[in-house]
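Working notes, structure below.
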Amino acid sequence: MFHKLNYFKSFWNLLDLSSLILNVVVVILDLINKNTLDANSVAGVSVLIMWAKLFYFLRIFNSTAHLIWMIIEIWSDIRYFVVVLMLAILAFANSFYILSWNSEDMESPFSGSTLPLSFIYSWKMGTGDFDTTAFATKDETLIWVLWFLNTLIINIIFFNLVVAL
């Protein structure tokens with residue numbers, strides 16, 4: 001009550017609050033016998049947040065406090081990099097999504113793709129999953145050019161930029 005709305009400016013306080021709310025939702029879903037799939041989804045997120053709170057408590061000990069501080073500082077330093085990286089991945093995902101409309105093989109995971117699936121496909125490609133079996137499109141030359149550009153820009157340029165940061 002002393003801090004009023006300033007309480008909500010702290011990341012750790014928001015983490016505590018969201019953990020509390022999600023745990024209450026899990027208990028309520030369990031009490032009203034709601035679909036266990038819904039309760040399990042909420043519980044999965046809630047447990048992840050509670051594990052993240054462990055980092056907060058690790059700040060207490062001298063041996064782990066500097067590691068937690070470094071994680072916070074690194075995230076603070078690369079947040080704009082992450083925004084630019086996500087834009088690059090989204091740009092390639094949009095291209096892959098549009099090219100998926102020309103897919104010849106309807107059984108291919110590349111055919112009938114949605115934008116979120118194309119984003120995941122581009123993300124996986126950018127992190128080193130070079131599964132090219134999904135390239136069943138009429139624009140084979142163009143898709144390979146995009147594959148090369150995606151691997152060059154995201155794998156080589158962006159991840160070397162992370163090391164430089």
Side-chain angles (χ1 to χ4, degrees), residues 8-19 21-23 25-26 29 35-56 58 67-165:
F8 298 104
K9 291 183 181 178
S10 168
F11 171 76
W12 301 109
N13 291 341
L14 290 175
L15 207 62
D16 278 338
L17 194 60
S18 62
S19 174
I21 291 169
L22 288 175
N23 282 318
V25 168
V26 168
L29 287 174
N35 185 356
T36 56
L37 296 176
D38 295 335
N40 289 344
S41 300
V42 175
V45 173
S46 177
V47 165
L48 182 63
I49 290 173
M50 289 187 338
W51 276 103
K53 285 173 47 177
L54 179 64
F55 285 104
Y56 177 76
L58 288 176
L67 295 172
I68 302 305
W69 178 80
M70 282 183 2
I71 290 171
I72 292 169
E73 288 299 314
I74 288 171
W75 178 251
S76 175
D77 289 345
I78 69 165
R79 64 180 175 228
Y80 298 114
F81 166 79
V82 171
V83 169
V84 174
L85 175 65
M86 289 300 131
L87 286 174
I89 290 174
L90 189 60
F92 282 107
N94 196 359
S95 295
F96 291 135
Y97 172 64
I98 292 171
L99 287 176
S100 73
W101 297 341
N102 289 342
S103 181
E104 299 167 344
D105 181 14
M106 293 313 288
E107 297 294 320
S108 167
F110 196 60
S111 68
S113 182
T114 62
L115 193 56
L117 288 176
S118 295
F119 181 84
I120 291 169
Y121 185 77
S122 181
W123 173 266
K124 286 172 56 177
M125 188 184 304
T127 55
D129 183 5
F130 300 127
D131 180 22
T132 58
T133 58
F135 288 173
T137 181
K138 295 176 183 173
D139 306 310
E140 190 168 338
T141 305
L142 181 58
I143 202 78
W144 282 107
V145 168
L146 287 175
W147 175 87
F148 176 76
L149 288 174
N150 190 349
T151 56
L152 176 72
I153 292 171
I154 294 176
N155 287 47
I156 297 172
I157 295 174
F158 274 101
F159 289 120
N160 278 311
L161 188 58
V162 166
V163 173
L165 287 175

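Here the structure is a predicted model, which is why all the values come from computation and not from measurement.
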When the ring centroid of Phe158 is compared with that of Phe81, is the distance short of 6.0 Å? yes
So how far is it from Leu99 CG to Leu146 CG, rounded to the nearest 0.5 Å? 6.0 Å
Nearest heavy-atom approach of Asn155 to Gly126 is OD1-O, 2.7 Å
Roughly how far apart are Leu14 CG and Phe8 CZ, rounded to 0.5 Å? 7.5 Å
Going from CG on Asn150 to CH2 on Trp144, what distance comes out if it is rounded to the nearest 0.5 angstrom? 12.0 Å
CZ (Phe159) with more than 12 external heavy atoms under 6.0 Å: yes
Show the numbers, then the answer: is there a side-chain contact (heavy atoms from CB on, under 4.5 Å) between Ile154 and Ile89? CA-CA 8 Å; Ile154 294 176; Ile89 290 174; 3.4 Å; yes
Kindly indicate, with the supporting measurements, whether the criterion side-chain contact (heavy atoms from CB on, under 4.5 Å) is fulfilled by Leu90 and Asn94. CA-CA 6 Å; Leu90 189 60; Asn94 196 359; 5.7 Å; no
Kindly say whether Ile156 contributes a backbone atom to a donor-acceptor pair with the side chain of Asn160 at under 3.5 angstrom? yes
Side-chain donor/acceptor of Thr127 to backbone N/O of Trp123, under 3.5 Å: yes
Do Leu117 and Tyr121 have side chains that get closer than 4.5 Å, going by heavy atoms? no
Using atom types as modelled and distance alone, determine if a side-chain donor or acceptor of Ser76 lies under 3.5 Å from a backbone N or O of Ile72. no
Is there a side-chain contact (heavy atoms from CB on, under 4.5 Å) between Ile71 and Trp75? Walk through the geometry before answering. CA-CA 6 Å; Ile71 290 171; Trp75 178 251; 5.6 Å; no
Looking at every non-hydrogen atom in both residues, tell me the closest pair between Phe55 and Ile68 and how far apart they are. CD2-CD1, 3.2 Å
Ile49 CD1 to Leu54 CG distance, which is reported to the nearest 0.5 Å: 14.5 Å
Once rounded to the nearest 0.5 Å, what's the spacing between atom OG of Ser18 and atom CG of Asn23? 9.5 Å
Polar side-chain atom of Ser19 near backbone of Leu15 as donor-acceptor pair, under 3.5 Å: no
Minimum heavy-atom separation for Phe96 and Ser118, please, with both atom names. C-OG, 4.2 Å
